[in-house]
Each structure stands twice: as structure tokens, then as C-alpha cells.
Asker: 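Below is a structure I'd like to ask you about.
First the proteins, then the strands, lettered A, B, ... as listed; each starts at 1. Bear in mind the structure is a predicted one, so any value in this text is a computation, not a measurement.
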Amino acid sequence: MVRESKPKDFGLPDLENAAGPVRMRVAPNPSGPLHIGHSRMAILNDEYVKRYGGACISRFEDTDPARIDPSAYDSIPVDLEWLGVKIHETIIQSDRFDLYYEVAKKLLNMGKAYVCTCRPDDWRELKAKKMPCPHREEPVESQATRWDRMFDGTYAQEEASLVVKTDLSHPNPAIRDFVGLRIDETPHPRTGTRFRVYPLMNMAVAVDDHELGLTHVLRGKDHLNNTYRQQYIYSYLGWKEPVYVHYGRVSMEEVQLSTSKMSAGIAEGLYTGWDDPQLGTLASLRRRGIKPQAIRRYWIETGIKEVDIAFSWQTLNAFNKELVDDTAARYFFVDDPVRMLLKASSPLTAHAPVHPAHPERGVRRLLVPVGSAVFLSGSDVPREGIRIRLKDLCNAVYRDGTLHFEGNDLSVLKDGIRIVHWVPEKSAEAEVRMADGSVRKGLAEIGLKSAKGEVVQLERFGFVRVEETSPLIRCVYTHR
RNA sequence: GCUCCCGUAGUGUAGUCCGGCCAAUCAUUCCAGCCUUUCGAGCUGGAUACCCGGGUUCGAAUCCCGGCGGGAGCACCA
């Protein structure tokens, strides 16, 4: 028995036929910003290119002029860079139309494609019955004439298209003849009205994957039938196919990923922008303090199986916490603050560690003068006569709406006394924007103002990223 | 309806090709205990799974057959 033991301490399985350097690609269509789903494709490609050497090509698939958000040309590279995805070359499909035309013409001349001027519905209907449309078998010369007419304006939108022949009797209706190029008069954000004939995905992708010399193509399994279609083009032209790998669908709850719904929500004011914490965009995750390394680890551990999976925020958050816990400074933030006199005979000073595991990082000094008050979270206000521990400050008993100093003996902790966080009377206004869109308002210790841009831990509340410190402190919730 | 793909714990994942070291791995999660001046971290222990039914075999998560379940596609979007 010959059994190669494959050590699996490294998450991803090896790629088939990957002896030397590979050429792979990330191919987003610039219809909106990248979201967590896109990051899987980008990271998997990046991981393999890093493992085998070679190149990762970024390709903008902007062949549908009606579905382009021009800002995506700029935001996508930013997102990829943030993810740590190394891009070696970048191409834009709208720069390459001549190439697609050339290949289309070649297929036409070979009799592997035809210009169809049927009404789309009629053509589809015939296809469903495994029947050719009248234009399918017309001679090459007449195909060429009508091909030229697609460009000169004789035909309007939907009046003609170039169809790639496959096998009309194919049992899978999704594989039978598919449209390769069509007419669209919508101005393109980059090329304006220079072109009116646009390649469709299968045409453009097949040509580019070949031209770029890709060795491996990773894609969602929703593209399985597209792979089969593209293989017809490869075989007609005698091209060598890359290795295709199809991974399963990811279902994601609690977060909006649909470009159209996100943009509608932003317009309605439902979201603060593309980086609203309720959205699944990479901009949102970045804003919330999720580290790209956590996202990378998540997708590596998920792998590239063809099974459909449910995305787990819990797991991603756990990975992220592992990354930020050691560096995050600790602060007190009191949510829903309740003011409460603290009766003590002498002034008190708290020496709260910046990080409990790193005493060398120092302490936060919080002063409570005689006769002043502290703030507690509404949910922490004790019942009458109950003793609590104000963390890093003192013990106190709650009586008649007031806290009474009860010394600083830490042995009370053994009795299971409740430890609560608090802030002094002189504190800063702060708010935390939560992942569900709500905003928690409260008070934070003044020192939090110096943490702008950092991911910190608000003790007993959770990790947050501090995004503004003036006029008030504004944070975005990361996770617990 | 047609075509294709896939079914290991709550969620992912290893093992499936080449049957035995798998009374099933790892991570996350949950529970308990320890520790700790955070509901954070750490440590220890525990919990939960091979979709079902047949068959082949000394032996099946792994091979065969049949069910069942889930997903994708059947666009002049990608």
C-alpha cells in the first residue's frame, strides 16, 4: 500500500499540478466595494501564490457598463492591500475589447460561433427544445456581414448577439449555446460610448485566463457551469486549460452583502456609509477593528471544499481577539451612567493597569476627591446594603443612594464580591456604535482620548476601535 | 422540470482516492474547576459528529447499491 501521509498542520491542501510557480488571479467586478465574501477568493489565491511562487493578477471585470461603480476601481486595490494580498499585475477588461473581438471573429470563421438576430426569448425557447435557431448554420460569409453590422449600428440592443456554439443536445440546459458578446448602448464609465459591443463574462474570462497564462483558477461553485462553457472555447482554440477549483457557497447572517441593498440603505440614511458596522464590507470590518490576519486565518481554516458553509462571526471574532488582546490598552467606559456620591474621609486614587498581563506598560491614575461622585453603569447599581468592589479603587457598600467607602481589603474578593468598573466625576463623553446599528452612550475615563485610531478594551464591555476623540469620543464595537 | 455538485459534533475542519494504528483530528463554541481586582486573558478537565438503509468484507467514515437531505445552474449579470 502506497500512502503518502500529508501533514495537515498547514491549513490548505496542495494544488493539483503545481510543481513550479503558479499564475492565478483575483477578478472582482467593480460594482461596489469588496466584502468579506470576496476576501475568501483573494486570500486563497494569495496563499497559493505565496506557497508556490509565481504571480497573482488582479483583473477588473467591467464588461457590463450598466453595473459599474466607478469608485470601485479605487477602493478594490485599497481593500486588497489591506488584506495583505500581493498583486503582481493589474489589468482592466475594458482595455482589452479588441482582443475579445479578435477571438470572437476567429470562432465565427471556424464555424464555432454565430451571430443570432432572433428575439432573445425565441432563441431561448428553441434552445430549451434542443433546436437550432435559423442563424446557427448560416454560412460564414453571412455571419461575418452580420458581425460587422453589430458594430456599425445597424442592430440595436438585443437585436443581435454573438453566440458560441456548444452542443445543443447537451442534457444540461445550462451548457447549450451561450451568448459571447452583445450590444449595449449604455455609456461605460471608462470608455464612454467608444464601444457598443461588449463581451460577456464567459467570453472575456476564457480569453483572459488563457492570455494571462493562468495555471489555476479558484472560483465559487456557482461558476461550475461557466467553467464548462469556457472549456468549449478552450477546446475550439486548442488552448491548454488551467486547473479549476470550485469552492462552496458561504451563507452569512446578520450582515448585508448585497451591493444594491447596501447602496440603497446608505442613500436612505440607514447606514453611515460603505463602512457602516452593519455591513459586511471590508471597509466596515476595518473600521470595527477586525485585523486582516484574522480574516486570513479564518479562510485558511475554512479551506476550499465544495461544501456550502455557514460563516461564523464567533470564530472570526475569536481569531481577532487573539490578535488584539495582547496589545489593547484597558480603559473604563460606563454605559448608561448613573451618578453616585462616594463617601470617603480622604481622597482616593486608582492605579489601574494599562494591561493586566503587562505591568511595564504602566497604570491609569484616576482621582476621586473627597465629596465627589463616581458613575456606574445602570445595570451595575447594587441593591440596598450590598457591597461591591470598584475595580482598582476600593470597596464600598451601597446605602440610601450613596456609596460608602469600606476600605481596600482585597480579601473580600474571596467572598465573591461583585467587581464593577466605574469612572470619576470628571470624565469624557463617549459613545460606542454597535454592530446592529445602535449607539451606546456613556462616559469614559479621560485617558481614552489619547487612544485615537487604536483598538482598546473597555473593561467588562468589550473591544472597540476608537475612531474619534473630539468633540466626544466615538468608538466602534469590535467584539467582546 | 432538466443538469451538476455536496452530506464528519452548534460552526468550520482532518481522515474518504489507496478499507484496519479512527471507540474518529484540530480550531471555535458550550459546561465545570483553577487562577485572576474585567463579563478579557491563561491553565485543566469535560460535552457534542461519520445523513439513513442495505450489500461486499475477518474488518467500512472510507468500496457498491438504494433512499433522504442540502446547494448551485438552466440570464444578451459576474
Asker: The side chain of Arg460(A) lies closest to which of these nucleotides: U37(B), U28(B), C39(B)?
Answerer: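 Within the option list, the nearest is C39(B).
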Asker: The side chain of Asn225(A) lies closest to which of these nucleotides: C76(B), G73(B), U37(B)?
Answerer: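 My answer, after comparing the listed nucleotides, is G73(B).
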Asker: Using the C1' atom on both, measure C22(B) against U11(B) and round to a whole Å.
Answerer: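 The same atom, C1', in both gives a distance of 22 Å.
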Asker: Would you say the side-chain atoms of Arg365(A) and His351(A) include a donor-acceptor pair closer than 3.5 Å?
Answerer: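 Checked: Arg365(A)/His351(A) side chains pair up, N/O donor to acceptor below 3.5 Å.
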Asker: A32(B) and C52(B): how far apart are their P atoms, nearest whole angstrom?
Answerer: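 Roughly 31 Å separates the two P atoms.
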Asker: For the backbone of Ser258(A) and the side chain of Gln256(A), can you confirm whether one donor and one acceptor N or O come within less than 3.5 Å of each other?
Answerer: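 Looks like yes, one N/O pair under 3.5 Å.
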Asker: Is there a side-chain contact between Arg119(A) and the phosphate of C76(B), meaning an N or O under 4.0 Å from OP1 or OP2?
Answerer: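 No, no such contact exists.
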Asker: Given C4(B), C39(B), A78(B), identify the nucleotide with an atom nearest to the side chain of Asp64(A).
Answerer: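 Comparing C4(B), C39(B), A78(B) against the side chain of Asp64(A), the answer is A78(B).
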Asker: Arg330(A) CZ to A41(B) P: how many Å, rounded?
Answerer: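 The answer, rounded to whole Å, is 9 Å.
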Asker: For A78(B), does OP1 or OP2 lie under 4.0 Å from any side-chain N or O of Thr63(A)?
Answerer: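 Result: yes.
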Asker: For Arg460(A), is there an ion pair with Asp335(A) - N to carboxylate O distance below 4.0 angstrom?
Answerer: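 No, this pair does not count.
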Asker: What does U44(B) pair with, Watson-Crick or G-U, if both distances are under 3.5 Å?
Answerer: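 Its partner is A32(B) (Watson-Crick or G-U wobble, both distances under 3.5 Å).
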Asker: How far, in whole Å, is G54(B) from A47(B) if one measures between their P atoms?
Answerer: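 Taking atom P in both A47(B) and G54(B), they lie 29 Å apart.
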Asker: Once you round it to whole Å, what is the distance between P of C76(B) and NE2 of His135(A)?
Answerer: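 Going from His135(A) (NE2) to C76(B) (P), I get 16 Å.
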Asker: With heavy atoms under 4.0 Å as the rule, sort Asp409(A) into base, sugar-phosphate or nothing.
Answerer: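 The residue Asp409(A) makes no contact with any strand.
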Asker: Should C50(B) form a Watson-Crick or G-U wobble pair with both distances under 3.5 Å, which nucleotide is its partner?
Answerer: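 Check on C50(B): unpaired, no WC or wobble geometry under 3.5 Å.
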Asker: Can you check side chain to side chain donor-acceptor pair (under 3.5 Å) on His479(A) and Asn320(A), steps first, answer last?
Answerer: CA-CA 9 Å; His479(A) 47 62; Asn320(A) 196 65; 3.0 Å; yes
Asker: Could you tell me the separation between the CH2 atom of Trp313(A) and the C1' atom of G10(B), rounded to a whole number of Å?
Answerer: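 These atoms are roughly 18 Å apart.
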Asker: Take atom P in A9(B) and the same atom in G45(B), then report the distance between them in whole Å.
Answerer: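 Result for the P pair: 25 Å, nearest Å.
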Asker: If each of Arg389(A) and Ser312(A) is mapped to the nucleotide of RNA chain B with the nearest heavy atom, which maps nearer the 5' terminus, i.e. the 5' end?
Answerer: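 Final value for this comparison: Ser312(A).
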Asker: Measuring from the side chain of Ala174(A) (C-beta onward, heavy atoms only), which nucleotide among C74(B), C6(B), C77(B) has the closest atom?
Answerer: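 Side chain of Ala174(A) sits closest to C74(B).
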Asker: Which nucleotide sits closest to the side chain of Leu413(A): C76(B), U37(B), G7(B)?
Answerer: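 Of the options given, the side chain of Leu413(A) lies nearest U37(B).
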Asker: May I have the distance from Asp208(A) (atom CG) to A78(B) (atom C1'), rounded to whole angstrom?
Answerer: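 Rounded to the whole Å, the gap is 14 Å.
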Asker: What contact category does Glu61(A) fall into here, base, sugar-phosphate, or nothing, at under 4.0 angstrom with non-hydrogen atoms?
Answerer: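 Counting heavy atoms under 4.0 Å across all strands, the contact made by Glu61(A) is with sugar-phosphate only.
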Asker: Can you tell me how far P in C5(B) sits from the matching atom in G10(B), rounded to whole Å?
Answerer: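 Approximately 28 Å lies between the P atom of C5(B) and that of G10(B).
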Asker: Please pick, from U37(B), A78(B), U38(B), the nucleotide with the shortest atom-to-atom distance to any side-chain atom of Gln457(A).
Answerer: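 So the nucleotide nearest the side chain must be U38(B).
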Asker: Which nucleotide wins on minimum distance to the side chain of Thr315(A), given the candidates C76(B), G73(B), U28(B)?
Answerer: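 Looking only at heavy atoms from C-beta outward on Thr315(A), the closest nucleotide is U28(B).
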Asker: Taking only side-chain N and O atoms of Arg124(A), does any of them lie within less than 4.0 angstrom of OP1 or OP2 on C76(B)?
Answerer: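 Answer yes for this pair, as a side-chain N or O of Arg124(A) is under 4.0 Å from OP1 or OP2.
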Asker: Side-chain donor or acceptor of Glu301(A) under 3.5 Å from a matching atom on the base of U28(B)?
Answerer: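 It does not, because no donor-acceptor pair links the side chain of Glu301(A) to the base of U28(B) below 3.5 Å.
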Asker: Can you tell me the distance, in whole Å, between the CD1 atom of Ile419(A) and the P atom of G40(B)?
Answerer: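 Interatomic distance, CD1 of Ile419(A) to P of G40(B): 12 Å.
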Asker: Step by step, would you call Arg330(A) with Glu454(A) a salt bridge (charged side-chain N to carboxylate O under 4.0 Å, His left out)?
Answerer: CA-CA 11 Å; Arg330(A) 268 56 173 170; Glu454(A) 291 173 28; over 6 Å; no
Asker: Quick one: label Lys321(A) by what it contacts on the DNA or RNA (base, sugar-phosphate, nothing), any heavy atom closer than 4.0 Å.
Answerer: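 Sugar-phosphate: the residue Lys321(A), judged by heavy atoms under 4.0 Å, touches backbone atoms but no base.
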Asker: Under 4.0 Å, heavy atoms only, any strand: does Ile309(A) hit a base, just the sugar-phosphate, or nothing?
Answerer: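 Sugar-phosphate, no base atom in range.
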Asker: Work out how far the C1' atom of C50(B) is from that of A61(B), and round it to whole angstrom.
Answerer: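 These two C1' atoms come out 4 Å apart once rounded.
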Asker: Please determine whether a side-chain nitrogen or oxygen atom of Lys305(A) lies at a distance below 4.0 Å from atom OP1 or OP2 of G7(B).
Answerer: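 Result: no.
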Asker: Under a 3.5 Å cut-off for both contacts, is C21(B) paired Watson-Crick or G-U wobble with anything, and if yes, with which nucleotide?
Answerer: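 Answer to the pairing question: none, since C21(B) forms no Watson-Crick or G-U pair.
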Asker: Rounding to a whole Å, what distance do you find between Asn202(A):CG and A78(B):P?
Answerer: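 Those two atoms, CG and P, are 8 Å apart.
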Asker: To the nearest angstrom, how far is Ile175(A) atom CD1 from C74(B) atom P?
Answerer: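 Roughly 10 Å, once rounded to whole Å.
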Asker: When both hydrogen-bonding distances must be under 3.5 Å and the geometry is Watson-Crick or G-U wobble, what is A14(B) paired with, if anything?
Answerer: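 By the stated definition (distances under 3.5 Å), nothing pairs with A14(B).
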Asker: Is there a Watson-Crick or G-U wobble partner for C68(B) with both distances under 3.5 Å, and if so, which one is it?
Answerer: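 When the pairing criteria are applied, G7(B) turns out to be the nucleotide that pairs with C68(B).
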Asker: Quick one: do the Arg190(A) and Ser94(A) side chains pair a donor with an acceptor below 3.5 Å?
Answerer: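 Note: Arg190(A) and Ser94(A) side chains meet the donor-acceptor criterion.
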Asker: If the test is ring pair (Phe, Tyr, Trp, His ring centres under 6.0 Å), which one of Tyr100(A), Phe97(A), Tyr101(A) qualifies with Tyr198(A)?
Answerer: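 Of the listed options, the one satisfying the test is Phe97(A).
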Asker: Quick check for you: to the nearest 0.5 Å, what is the distance between Asp79(A) atom CG and Thr281(A) atom OG1?
Answerer: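 Between atom CG of Asp79(A) and atom OG1 of Thr281(A) there are 7.5 Å.
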Asker: Are any of the side-chain nitrogens in Arg389(A) or Asp409(A) under 4.0 Å away from the carboxylate oxygens of its partner?
Answerer: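 Not counted as a salt bridge, because no side-chain N and carboxylate O are separated by less than 4.0 Å.
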Asker: Taking CG from Leu366(A) and C1' from U37(B), how many angstroms apart are they, rounded to a whole number?
Answerer: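 After rounding, the reported distance stands at 14 Å.
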Asker: Pick the nucleotide of RNA chain B nearest each of Asp392(A) and His223(A); which residue has the one closer to the 5' end?
Answerer: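 Whichever sits nearer the 5' end wins; that is Asp392(A).
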Asker: Please determine, for the side chain of Leu200(A), which listed nucleotide (G73(B), C76(B), U11(B)) has the closest atom?
Answerer: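 Ranking G73(B), C76(B), U11(B) by closest atom to the Leu200(A) side chain puts C76(B) first.
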Asker: With respect to the side chain of Pro173(A), which nucleotide from C76(B), C74(B), G40(B) is positioned closest?
Answerer: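 Of C76(B), C74(B), G40(B), C74(B) is nearest to the side chain of Pro173(A).
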Asker: Within the structure shown, what part of the strands sits under 4.0 Å from Pro171(A) by heavy-atom distance: base, sugar-phosphate, or nothing?
Answerer: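 The residue Pro171(A) makes sugar-phosphate contact but no base contact.
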Asker: Using a cut-off of strictly less than 4.0 Å, decide whether Arg480(A) has a side-chain nitrogen or oxygen near OP1 or OP2 of G40(B).
Answerer: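 It does, given that an N or O in the side chain of Arg480(A) lies less than 4.0 Å from OP1 or OP2 of G40(B).
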Asker: Should C74(B) form a Watson-Crick or G-U wobble pair with both distances under 3.5 Å, which nucleotide is its partner?
Answerer: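 In the structure as shown, C74(B) has G1(B) as its Watson-Crick or wobble partner.
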Asker: U13(B) and U8(B): how far apart are their P atoms, nearest whole angstrom?
Answerer: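 Nearest-Å result for U13(B) against U8(B) at atom P: 8 Å.
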Asker: Using a heavy-atom cut-off of under 4.0 Å over every strand shown, decide if Pro356(A) touches base, sugar-phosphate, or nothing.
Answerer: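 Base, at least one base atom sits under 4.0 Å.
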Asker: Would you say a side-chain N or O of Lys221(A) is under 4.0 Å from OP1 or OP2 of G71(B)?
Answerer: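 No, outside the criterion.
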Asker: Give Tyr228(A) one of three labels, base, sugar-phosphate or nothing, depending on what nucleic acid heavy atoms sit under 4.0 Å from its own.
Answerer: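 The residue Tyr228(A) makes sugar-phosphate contact but no base contact.
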Asker: How far does the P atom of A72(B) sit from the matching atom of U38(B), given to the nearest Å?
Answerer: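 Comparing P positions in A72(B) and U38(B) gives a spacing of 47 Å.
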Asker: Choosing from A78(B), U11(B), G71(B), which nucleotide comes nearest the side chain of Asp308(A)?
Answerer: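 Per side-chain heavy atoms of Asp308(A), the pick is G71(B).
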Asker: Would you say Phe332(A) and Phe461(A) make side-chain contact, with heavy atoms under 4.5 Å?
Answerer: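 Heavy-atom side-chain distance check fails, nothing below 4.5 Å.
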